Protein chains: 2
Amino acid sequence: MRDLATEMGIKAASLYNHISSKQEILKIIIISLAEAFTSEMNIIIASEGSSLDKLNKIVALHVKTASENTYEMAALNNDWMHLEEQRHYYLQLRSEYEENFRHIITSGIANKELKDENVEVMLFSMLSTLRSLYLWIPKKEDLNIQNLNTSLSNVLIHGFNK
Amino acid sequence: MRDLATEMGIKAASLYNHISSKQEILKIIIISLAEAFTSEMNIIIASEGSSLDKLNKIVALHVKTASENTYEMAALNNDWMHLEEQRHYYLQLRSEYEENFRHIITSGIANKELKDENVEVMLFSMLSTLRSLYLWIPKKEDLNIQNLNTSLSNVLIHGFNK
DNA sequence: TTTTCAGACTAACAAGTGTTAGTTTTGTGA
DNA sequence: TCACAAAACTAACACTTGTTAGTCTGAAAA
């Protein structure tokens, strides 16, 4: 809290005129990002289009979030486990999101859009790549968001062997 | 240190009969895993075989490391930045490893084994999935290591669209 | 049997943590 | 110009942290 206050040019005690605890800061950052993300995810789920279309949209949503909310994504990824009252709620949002993602994949397999490969492995592979974007995007200043969407979708969905 | 000592059934001060500082514990865990990993990686680099063969071997090495050294992998992934004297050495090992990985991909593209897709995106996608394995493997108790190697290689390298 | 020493112990330190109580300053509306 | 509220301040709290100094214990070596 002292570091944070110094960065803002005030004393630590003055922070408590604005927030009620350190926990509250964590909660605000993580829960508001998680809710914003979830609501965009629900729009994708409800949309028309093939499973591949939806997967592409999910990739784009992650790229957008990681580039516009890099630090919030870092907090969400690294510090969600330090939430207290909201930990359960966060985990609920997260498992709904994973369940939606999984459903898109199984539907895609069912209607022959996707290979009949291990669903959990597919899900894990996409999720862990997309969740790490926040670490990687800031290091590649020169990349164009549209190109990134395209090549990330290509690599994740279509693979890279000939 | 007090938690650690309690877990061992001794008092915190007694730990200092065995190690010289908390830092040293971190160093031992991270550097020894990184060195072991690097030396196995070098064997793969030096081996005969196509780029695809090498990529498969790298996947298998990550799966093996994540399942046999889950906690050490967690420490390495989450706490390498808290290394002090060894931070530079760690980053050096890591960038050599990434450079080797990148080289396998560019060779694969050059000899037409792999698609001519964005190398950095391919590398990022594989790396972030493989680096997250330590989080995921313990949750899937029932999975067989050999099957995991196969389906992970399939998903990462061949993609999952039809 | 005595000596030695690794490895446990207790007690305490200095520094850092989030937070509160009470006070002063500052800027805006009456 | 005055009143008041927002938001800064100082001082201190209770607790946690890694670590050290000095001591005791028990088992192996002499």
Side-chain angles (χ1 to χ4, degrees), chain A residues 1-38 65 68-94 131 134-135 138, chain B residues 1-37 65 68-94 131-132 134-135 138:
Chain A
M1 297 302 275
R2 283 165 176 86
D3 290 349
L4 197 48
T6 303
E7 201 71 18
M8 297 171 70
I10 61 177
K11 289 290 156 68
S14 308
L15 289 171
Y16 290 83
N17 289 316
H18 304 274
I19 44 111
S20 68
S21 65
K22 193 177 96 157
Q23 270 299 315
E24 197 198 19
I25 303 178
L26 190 69
K27 185 204 93 184
I28 291 171
I29 295 172
I30 295 183
I31 297 296
S32 55
L33 182 62
E35 288 179 340
F37 192 90
T38 301
T65 308
E68 292 174 1
N69 303 90
T70 311
Y71 293 118
E72 292 83 349
M73 277 299 296
L76 185 143
N77 267 288
N78 300 315
D79 298 310
W80 64 265
M81 63 289 277
H82 301 119
L83 289 170
E84 287 167 358
E85 297 88 63
Q86 300 78 20
R87 195 175 194 265
H88 177 76
Y89 173 54
Y90 167 80
L91 287 172
Q92 194 179 309
L93 288 180
R94 174 163 151 160
R131 278 180 185 153
Y134 79 97
L135 281 172
Chain B
M1 297 303 274
R2 283 165 175 86
D3 290 349
L4 198 48
T6 303
E7 200 72 18
M8 296 171 71
I10 60 177
K11 290 289 156 68
S14 308
L15 288 172
Y16 290 82
N17 288 316
H18 304 275
I19 43 110
S20 68
S21 65
K22 194 176 97 157
Q23 271 298 315
E24 196 198 20
I25 302 177
L26 189 70
K27 184 204 93 182
I28 291 171
I29 294 172
I30 295 182
I31 298 296
S32 54
L33 182 61
E35 288 179 339
F37 191 90
T65 308
E68 291 173 3
N69 301 90
T70 310
Y71 294 117
E72 291 84 349
M73 277 299 294
L76 184 142
N77 267 286
N78 300 315
D79 300 309
W80 63 265
M81 64 288 279
H82 302 119
L83 289 170
E84 288 167 357
E85 297 88 63
Q86 299 78 20
R87 194 174 195 265
H88 177 76
Y89 173 53
Y90 167 80
L91 286 172
Q92 194 180 311
L93 288 180
R94 173 163 153 160
R131 278 180 186 154
S132 305
Y134 79 96
L135 282 172

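Within every chain, numbering begins at 1; the chains are lettered A, B, ... in the order of the sequence lines, protein sequences first and strands thereafter. Heavy atoms only: backbone and side chains are in, while hydrogens, waters and symmetry mates are out. Predicted, not measured: the structure shown is a model, and the values here were computed from it.
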Can you measure from [atom1] ([X]) to [atom2] ([Y]) and round to the nearest 0.5 angstrom?
X        : Y         : atom1 : atom2 : answer
Thr38(A) : Leu93(A)  : OG1   : CG    : 4.5 Å
Leu76(A) : Glu72(A)  : CG    : CD    : 10.0 Å
Ile10(A) : Arg2(A)   : CD1   : CZ    : 13.0 Å
Gln86(A) : Trp80(A)  : CD    : CH2   : 14.0 Å
Asn77(A) : Leu135(A) : CG    : CG    : 7.5 Å
Ile25(B) : Lys27(B)  : CD1   : NZ    : 11.5 Å

- Note on the structure: Nearest heavy-atom contact between Leu15(A) and Met8(A) is CD2-SD, 3.6 Å
- Which pair of non-hydrogen atoms, one from Ile31(B) and one from Tyr89(B), has the smallest distance, and what is that distance? CG2-CE2, 3.8 Å
- Message: Test your reading of the model: is there a side-chain donor-acceptor pair from Gln23(A) to the backbone of His82(A), 3.5 Å cut-off?
- Response: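 It does hold such a pair.
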- Message: Using OP1 and OP2 only, check whether a side-chain N or O of Ser14(A) sits under 4.0 Å from dC9(D).
- Response: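 The answer is yes; a side-chain N or O of Ser14(A) sits under 4.0 Å from OP1 or OP2.
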- Proximity to DNA chain C (any heavy atom under 4.0 Å), residues of residues 78-88 of chain B only: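 Those residues: none at all.
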- Sorted by number, residues from residues 16-29 of chain A placing a heavy atom under 4.0 Å from DNA chain C are Tyr16(A), Ser21(A), Lys22(A)
- Message: Taking ring pair (Phe, Tyr, Trp, His ring centres under 6.0 Å) as the definition, give me every residue that meets it alongside Phe37(B), ordered by chain and number, with sequence neighbours left out.
- Response: His62(B), Tyr97(B)
Enumerate the protein-to-nucleotides 13-16 of chain D contacts in which both atoms are nitrogen or oxygen and the separation is below 3.5 Å.
none

Can you pull every protein N or O that's under 3.5 Å from an N or O on nucleotides 27-29 of chain D?
none

Give each protein N/O atom lying under 3.5 Å from an N/O atom of nucleotides 21-25 of chain C, with the pair distance.
none

